[in-house]
Amino acid sequence: MLQLIFSVILDTMYSWTRMLIALLISMVIALFTGIAVARSKKLNRVLMPVVDILQTLPILAFFPFAIYIFVFYLPGSIGVNAAVIFLIVTSMLWNIIFGVYQAIISLPSEYFDMARIYKLNLYQRLRKIFIPAALPRMSEQMSLSWAIGLFYLVTSEIFSVGTKNYAVKHGIGVEFVKAAATGNSYLYIYSIIVFVLFVIATRLLLFERFDRFANRYYLKDYKKRKRDRFTFNYFRSRGIKLDEETRHKLAITARIVFYALLTLLVGFTIYNAIPFVNLHLLSKLVGYEGYSLLSLLFSFLRVWGAFIAIIAISIPLSIKVVFLSNKTKRYLLLFQIFASIPATILLPAIAELVYGNSELLAFIIYFLSGLWYVIFSIVATTKYLPESIDEVKRIFHLNGIVAWKKIYLKAIMPGVITGAVTGIAAEWNASIVAEYFSAGSGKLITSVSIGVGKALNVALANNNLLLMGVLLANMVAMIIIINYFVWRRLYNRVNSVYS
Amino acid sequence: MAFLNVEKINFAYPKSGLTVLDGISFSANELEFVSIIGPSGCGKSTLLRIMAGLIKADSGSVVLAGKKINGPSSSISFVFQDFALLPWLSNLENVKIGLASKPMTEDEREKTALDMLYKLELKGFEDAYPNLLSGGMKQRVGLARALVSNPILLLMDEPFSSLDELTANSLRKTVVEVLKDKKTLPKAIIMVSHNIEEAVEMSDKIVVLSNKPAVVKKILDVKIKRPRDRGSREFRKKVNEIYSIFAE
Ligand SMILES: Nc1ncnc2c1ncn2[C@@H]1O[C@H](COP(=O)(O)OP(=O)(O)OP(=O)(O)O)[C@@H](O)[C@H]1O
Ligand SMILES: [Mg+2]
């Protein structure tokens with residue numbers, strides 16, 4: 001037994017090493033990108049929309065693709081590890097960038113004047129002003145990134161072990177899969193306990209300390225702090241105030257230019273591609289496209305079905321906890337511990353519980369993957385509500401249904417929308433293991449009839465890069481379209497009223 | 001017994017343990033406008049919240065029309081310094097909040113709220129949202145919400161201090177105008193202020209508090225004929241009298 005626990009701890013350390021490397025890389029990239037974007041209008045205009053789109057994409061779904069590419073260029077286990085670390089970085093990076101960016105743009109302008117008066121050079125400015133100023137918000141975002149990264153870590157490890165040729169050799173994910181494959185429930189339980197202990201220890205030993213250190217640099221005169229995660233930040237305000245009409249005209253012009261360029265680009269590509277495309281490839285592409293769309297439709301129904309369930313549960317639950325309970329802090333702590341357990345590690349246990357019903361299993365994994373994003377996003381928005389709302393409630397006797405209708409449900413709307421974007425992205429992230437998973441050596445744990453997650457697995461197993469590309473392109477297009485036409489519109493409407 | 005009696009109120013915030021209010025007593029008669037003034041941070045807002053039933057005093061009592069105040073009551077209304085409007089409701093909906101606990105049909109609520117918005121010169125802004133309004137307009141909505149339910153006691157916590165002087169002045173005029181209307185007139189009005197001239201202009205009685213802990217330093221009657229002219233000798237004399245109390 002001791003040996004078992006020892007091997008679990010050793011494997012967890014492998015995983016944590018990947019996480020720490022990824023965190024370090026993310027911090028460095030985010031620090032410089034965030035500062036650059038905050039200080040240069042040009043970079044801002046180019047990079048922010050990109051970052052904004054990237055952070056709403058389920059990048060984990062690209063893992064099969066990434067692993068294929070990395071292993072193609074880097075030898076064996078280095079390639080797989082690089083792919084895992086790369087993936088974790090892409091999950092951690094975005095909100096740290098936004099944190100740094102937010103810290104720098106809300107820095108009072110006196111600091112820049114001071115830097116100019118004393119003629120500080122770039123290095124001095126970085127050391128004395130920008131980096132210290134960015135630290136508190138960076139630290140705040142880092143622990144969020146860590147939680148998101150854990151999900152990516154475990155899911156990508158589990159996924160990788162499930163493949164024939166791309167398995168990582170060590171990692172907590174390996175233990176989970178081993179436990180699932182051999183039906184060793186002791187190993188499974190030990191693994192979960194060790195994992196949670198590591199999560200708690202990291203929080204206490206690393207993040208709490210770093211937070212205390214970083215907050216020494218906390219400036220009281222930051223402009224009012226806004227939401228935690230800056231989804232759609234880009235669309236909100238760009239500092240430049242234009243009157244309504246100019247903005248409208250600009251928006252229309254931008255749109256026309258964009259579509260014109262897009263048409264040109266597509267036309268150009270098709271024109272150039274024609275000589276190279278043979279009929280065989282073309283018919284294959286058409287077939288893949290049909291298969292992709294069908295897979296996407298099925299996965300869409302699962303993901304959105306689970307999302308409706310998430311909404312039905314997270315809204316009343318968050319309202320109860322935030323507005324109607326006096327133990328809010330204790331509940332949130334409990335939620336944080338639950339949320340730190342990636343839903344995907346529960347897969348083997350849930351598979352047992354549902355007797356291998358793959359549809360139900362996928363639904364539960366999707367549900368658990370998205371749930372916490374929505375809840376924490378709602379909680380984050382309510383943090384910035386004016387305190388007087390409670391007094392208004394009491395003075396004007398707003399109770400029961402009236403309070404729900406006029407206050408609670410309305411107050412959480414921005415949080416529900418940003419939570420929906422990130423939550424649904426998290427659900428799609430889970431798709432690569434939720435819909436299809438084999439615990440190595442041919443032991444199939446779950447496999448739905450058809451779906452994107454399954455298709456990606458099958459494509460990787462057959463080294464079918466083209467199919468993977470088609471699947472991912474369709475998925476990304478769908479998510480961008482939905483974000484643009486549904487969530488961004490809703491968000492802009494709500495936001496114009498709320499703030 | 002006066003219409004409103006504040007009796008030996010003591011209060012300390014549990015967290016800090018420091019006494020904020022130390023034996024505060026004063027009274028207000030029917031149809032009286034009373035101002036409470038005092039240095040910043042002395043406990044004016046705290047006192048007003050105790051009178052509203054939002055906070056419980058450690059000892060002492062507030063008695064309104066013979067009834068002890070134990071918690072928020074539908075006969076007491078409140079105007080907030082920072083307006084405290086609900087940003088996600090239209091201005092009309094915000095005013096209707098003032099009628100939420102009244103047994104009325106939705107139509108009656110809507111009509112009563114509209115009437116009150118018109119009285120506060122907000123015609124045309126019913127369906128706009130508060131955050132699109134200027135501070136002065138926001139406070140008009142806040143006043144409409146407080147007055148729409150015909151409260152018998154109106155409490156106002158520095159209602160004009162978030163506004164610039166010109167806006168504040170015109171809003172004060174509107175308030176005086178609206179309060180002339182006997183049908184909606186609250187029986188008593190208590191306003192917290194740190195602006196001496198404003199207090200002299202509007203009140204029949206001024207309660208002067210001192211700092212740390214707050215005790216009642218003095219209660220003055222203001223018997224200057226209305227409308228009051230800030231330049232008049234009588235007015236200046238009253239203002240100077242209050243300044244000299246603080247100078248002591
Ligand atoms: N919730 C609270 N907990 C602890 N102390 C508080 C709280 N609210 C206010 N205080 C303290 O109680 C004292 C009185 O506060 P209060 O807001 O009543 O003063 P005020 O006269 O209204 O001030 P201002 O002129 O700034 O509005 C202050 O010293 C304040 O710091
Ligand atoms: Mg106050």
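Below, read A as the first sequence line, B as the second, and so on, with proteins coming before strands; counting in each chain starts at 1.
Most heavy-atom pairs under 4.5 Å with chain A, from the set S90(B), S149(B), S73(B): that is S73(B).
Taken to the nearest 0.5 Å, the NZ atom of K410(A) stands 6.5 Å off from the CD atom of E93(B). Atoms OG and CD1, on S101(B) and I395(A) in that order, are 11.0 Å from each other to the nearest 0.5 Å. In this structure, the separation between CG on L86(B) and CD1 on I407(A) is 5.5 Å, given to the nearest 0.5 Å.
Within 6.0 Å of NZ on K102(B) lie more than 12 heavy atoms contributed by other residues, nucleotides or ligands. Around the CZ atom of F3(B), the shell of radius 6.0 Å holds more than 12 heavy atoms that belong to other residues, nucleotides or ligands. Within 6.0 Å of atom CZ in F125(B), 12 or fewer heavy atoms from other residues, nucleotides or ligands are found, so the atom counts as exposed in its surroundings. The local environment of CD1 in I401(A) is sparse, with at most 12 non-hydrogen atoms from other residues, nucleotides or ligands closer than 6.0 Å.
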Next item on the list: Starting from the C-alpha separation in whole Å, work towards a yes-or-no answer on side-chain contact (heavy atoms from CB on, under 4.5 Å) for R394(A) and L54(B).
Entry: CA-CA 7 Å; R394(A) 294 174 59 204; L54(B) 288 170; 3.8 Å; yes
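V402(A) touches chain B through its side chain: at least one heavy atom from C-beta onward sits under 4.5 Å away, while N, CA, C and O do not. Contact of R145(B) with chain A is made through backbone and side chain together, with heavy-atom distances under 4.5 Å.
Looking at heavy atoms from C-beta onward, F80(B) lies in side-chain contact with E391(A) at the 4.5 angstrom threshold. Looking at heavy atoms from C-beta onward, F78(B) lies out of side-chain contact with V392(A) at the 4.5 angstrom threshold. Looking at heavy atoms from C-beta onward, F396(A) lies in side-chain contact with S77(B) at the 4.5 angstrom threshold. In this structure, the side chains of W88(B) and K406(A) stay at 4.5 Å or more apart for every pair of heavy atoms.
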